[in-house]
**Q** 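What follows is a structure written as structure tokens; I'll ask about it next.
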Amino acid sequence: MSRRFGSDSGASVVDLCGREVGQIASTRFARRRGAALDLVLRLEMYMKLDGHRGCVNTISFNGDGGVLVSGSDDKTVKIWDWESGHMNLSFHSGHASNVFQAKFMPFSDDRSIVTCAADGQVRHARVLERGEVETILLSRHEGRTHALAIEPGSPNIFYTCGDDGLVQHFDLRAAAARQLFTCHGRDATSYVSVIHLNAIAIDPRNHNLVAVAGSDEYARVYDIRKYKLGMPRDYFCPPHLVGNDFVGITGLAFSDQSELLVSYNDEAIYLFPKDTGLGSEGVLSSQLSVGDDDGPMSMDMDLSSATTSLMDTDEQPTSRRYAGHRNCETLKGVNFLGPGCEYVVSGSDCGNIFIWKKRSGELIRVMEADNNVVNCLQSHPHSLVLASSGIDREVKIWTPKAIESATLPVKINRRHTARGCIHPLASPRDLWAQLLSTRETSRTSAEERRTSNPVLAQELVDLVLTFDVTSDGSESDDGTDANAR
């Protein structure tokens, strides 16, 4: 650790001298040193933003990073001055259920906020004079609306996705949303054809490219100029997960180099460089060259072994793997950290924040954050500042203010037992279809699959449903909220 710190400090001195004599531009110096490893190793909790009365499902900075918006199971949206800890504004979102996402629209003076929630609604909130707030319903999805993505730099355009597999386009200047396409599975023998979408992201270098992902193994990238075709431009999936019916995707993020970051449940996180997908047909053309396929790490295993196995190799990988965390219980996002997206960050079921070097995959930080699950991590747009939230009711702010550089713990001893499926099924029809699909994939003979009859299977689903046509699966036997993420 001392050798690493000394090397990083020496590079900082060299860069500082270069800036002073004009060899390095001030903007380049700030960008380079803003991602210094020593700063990441000194990240420490700076502030708790306490005010919500339920799980905090969404956090997002405004354009200049001075203000943060949060949304919660308590159906409220709050705007914070995160540096002082002051709550600038709190209002009811207008949603009838848990708020899943809330984001500022760019160049709106932080007065335009879009939200989506477990009630399927997509709403627009406008902050009026004297702090009054007006919220209006823009559209809705069938089932939960999990995510929204704002077109970079646009004060009017954004996209949403949800359990119904539908992707919608919104322009706040238009009277109504536009339904672009519904995402379907690739396997013709599957009885669950619609993909329940959990995540959506827009390529910052090409705003026509939109990535979506959910209840199967593929991240799909669409060119919205050709949305009427309903076909992805590219598929992304690690080769060893192709055909795996037991994984899904909970989070997506694009870097500023158009790299696609994908977080799988019960597995790991993968980074796909630009133009390294499987193509429009989703056909395997190469093998993963980094990492293994052993699944998520046990909460009490030696972290140093994971770090070693993820170091760079001499070969250029088609994707990079990040492991060590656990993503089984809830829908977790994934993100980049640093002015140039130098690091990858994720929450975990164990209540910790995990940070990896993007280029090597080396795990460098495990920070204890919540008593429960950490779901959301949001990076400041210009500084090495991190916001986190999850099952706990507070938003936590992290800044590089620690006196000593942190070291990795040898083990993480806290264990969590999964509380349920991370992709809760929306109806009894989905449940029976999923059961039949699981039975189908358990067959070992390819000939059996080819001769199976999906029509007869669907008739069986309909027959079973006639015995309980009133059940909607909205509440579990123990009374817990079925909308919980």
**Q** Which atom pair, heavy atoms only, marks the closest approach of V99 to N57?
**A** O-ND2, 2.9 Å
**Q** Just do the side chain to side chain donor-acceptor pair (under 3.5 Å) check on D110 and N62 with the steps written out, would you?
**A** CA-CA 7 Å; D110 304 332; N62 67 344; 2.9 Å; yes
**Q** Is the shortest side-chain heavy-atom distance between L39 and L41 below 4.5 Å?
**A** no
**Q** Any side-chain heavy atom of T76 within less than 4.5 Å of one from F91?
**A** no
**Q** Please check: side-chain N/O of E132 versus main-chain N/O of R130, any donor-acceptor pairing under 3.5 Å?
**A** no
**Q** Assess whether atom NZ of K226 is packed by more than 12 heavy atoms of other residues, nucleotides or ligands within 6.0 Å.
**A** no
**Q** In a check of salt bridge (charged side-chain N to carboxylate O under 4.0 Å, His left out) between E259 and each of K274, K358, R359, which one passes?
**A** K358
**Q** Is there a side-chain contact (heavy atoms from CB on, under 4.5 Å) between V40 and R365 once you walk through the steps?
**A** CA-CA 8 Å; V40 179; R365 287 298 308 269; 4.1 Å; yes
**Q** I need the minimum non-hydrogen distance between F236 and Y264, along with the two atoms involved.
**A** O-OH, 4.0 Å
**Q** To check you understand the geometry: which heavy-atom pair defines the closest contact between E217 and N244, and what is its length?
**A** OE1-O, 3.7 Å
**Q** Can you tell me how far OG of S348 sits from NZ of K332, rounded to the nearest 0.5 angstrom?
**A** 6.5 Å
**Q** Any luck finding a side-chain donor-acceptor pair between N88 and H86 under 3.5 Å?
**A** yes
**Q** Kindly write out the residues that satisfy ring pair (Phe, Tyr, Trp, His ring centres under 6.0 Å) with Y227, not counting sequence neighbours, or none if the list is empty.
**A** none
**Q** For R205 and D203, what are the C-alpha separation, side-chain angles and deciding distance, and is it a salt bridge (charged side-chain N to carboxylate O under 4.0 Å, His left out)?
**A** CA-CA 5 Å; R205 291 194 172 188; D203 187 337; over 6 Å; no
**Q** Could you go through R393 and D74, starting from their C-alpha distance and side-chain angles, then the distance that decides it, and tell me whether this counts as salt bridge (charged side-chain N to carboxylate O under 4.0 Å, His left out)?
**A** CA-CA 10 Å; R393 298 182 177 186; D74 62 13; over 6 Å; no
**Q** Over all heavy atoms of both residues, which pair between R233 and L209 is shortest? Give the atoms and the distance, please.
**A** NH1-CD2, 3.2 Å
**Q** Measuring from N156:CG to F107:CZ, what's the distance to the nearest 0.5 Å?
**A** 12.0 Å
**Q** Any chance you could lay out the side-chain contact (heavy atoms from CB on, under 4.5 Å) test for Y218 and L241, step after step, and finish with the verdict?
**A** CA-CA 9 Å; Y218 295 102; L241 293 182; over 6 Å; no
**Q** Rounded to the nearest 0.5 Å, how far does CD1 of I150 lie from OG of S112?
**A** 8.0 Å
**Q** Is the shortest side-chain heavy-atom distance between L37 and I364 below 4.5 Å?
**A** yes
**Q** Which is it for S405 and D38 under the side chain to side chain donor-acceptor pair (under 3.5 Å) test, yes or no, and what are the steps along the way?
**A** CA-CA 7 Å; S405 297; D38 184 53; 3.0 Å; yes
**Q** Sub-3.5 Å donor-acceptor pair from the side chain of Q101 to the main-chain atoms of L148, do we have one?
**A** yes
**Q** For the pair R42 and E44, find out whether any cationic side-chain nitrogen is under 4.0 Å from an anionic carboxylate oxygen.
**A** no
**Q** Would you give the length of the straight line joining atom CG of L166 to atom SG of C183, rounded to the nearest 0.5 angstrom?
**A** 10.5 Å
**Q** Would you say the side-chain atoms of S139 and Q168 include a donor-acceptor pair closer than 3.5 Å?
**A** yes
**Q** Answer yes or no: is there a donor N or O on one side and an acceptor on the other, between the side chain of S319 and the main chain of Y270, under 3.5 Å?
**A** no
**Q** Considering only heavy atoms from C-beta outward, does the side chain of V345 approach that of V334 to under 4.5 Å?
**A** no
**Q** Examine the side chains of K75 and S93 and answer whether a donor and an acceptor come within less than 3.5 Å of each other.
**A** no
**Q** Sequence neighbours excluded, which residues qualify as side-chain hydrogen bond (donor to acceptor under 3.5 Å, both in side chains) partners of T399?
**A** none
**Q** Show your reasoning for whether salt bridge (charged side-chain N to carboxylate O under 4.0 Å, His left out) applies to R123 and D119.
**A** CA-CA 11 Å; R123 303 187 69 91; D119 59 5; over 6 Å; no
**Q** I157 vs R173, test: side-chain contact (heavy atoms from CB on, under 4.5 Å). Steps then yes/no.
**A** CA-CA 9 Å; I157 297 174; R173 298 163 296 188; 4.2 Å; yes
**Q** So, do L252 and L260 sit near enough that their side-chain heavy atoms are less than 4.5 Å apart?
**A** yes
**Q** For H141, run the side chain to side chain contact (heavy atoms under 4.5 Å, CB included) check against V167, T160, D163 and tell me which one passes.
**A** T160
**Q** Any sub-3.5 Å donor-acceptor pair from S154's side-chain atoms to E151's backbone N or O?
**A** no
**Q** Should L261 and F272 count as side-chain neighbours, where that means a heavy-atom distance under 4.5 Å?
**A** no
**Q** Working to the nearest 0.5 angstrom, can you tell me the gap between S263 OG and N198 CG?
**A** 10.5 Å
**Q** Return the orientation label for the F61 and W82 ring planes: parallel under 30°, perpendicular over 60°, tilted otherwise.
**A** perpendicular
**Q** Determine whether H95 and T115 make a side-chain contact, defined as any pair of heavy atoms from C-beta on separated by less than 4.5 Å.
**A** yes
**Q** Let me see the working for T145 and F100 under side-chain contact (heavy atoms from CB on, under 4.5 Å), right down to the final yes or no.
**A** CA-CA 8 Å; T145 307; F100 282 168; over 6 Å; no
**Q** I'd like to check V262 versus I269 (side-chain heavy atoms, cut-off strictly below 4.5 Å). Are they in contact?
**A** no
**Q** Set out, in order, the CA-CA distance, both residues' side-chain angles and the distance that settles side chain to side chain donor-acceptor pair (under 3.5 Å) for T330 and N375, then state yes or no.
**A** CA-CA 7 Å; T330 56; N375 288 328; 2.5 Å; yes
**Q** Do you know the tightest heavy-atom contact between P400 and L43?
**A** N-CD2, 3.7 Å
**Q** Output yes when K48 and D50 qualify as a salt bridge under the 4.0 Å nitrogen-oxygen rule, no when they do not.
**A** no
**Q** Quick check: closest heavy atoms across P152 and I202, and the distance to 0.1 Å?
**A** CD-CG2, 4.0 Å
**Q** What I want to check is whether the side chains of D392 and N372 have a donor and an acceptor closer together than 3.5 Å.
**A** yes
**Q** Hey, mind stepping through S70 and H52 against side chain to side chain donor-acceptor pair (under 3.5 Å) and telling me if it holds?
**A** CA-CA 9 Å; S70 62; H52 283 291; 2.7 Å; yes
**Q** Calculate, to the nearest 0.5 Å, the distance between atoms NZ and OH belonging to K357 and Y343 respectively.
**A** 7.0 Å
**Q** Taking the six-membered ring for Trp, are the ring centroids of F170 and Y159 within less than 6.0 Å of each other?
**A** no
**Q** Using a 3.5 Å distance criterion without hydrogens, assess whether the side chain of N352 forms a donor-acceptor pair with backbone atoms of V366.
**A** no
**Q** Verify whether the ring centers belonging to W398 and H380 lie closer than 6.0 Å.
**A** no
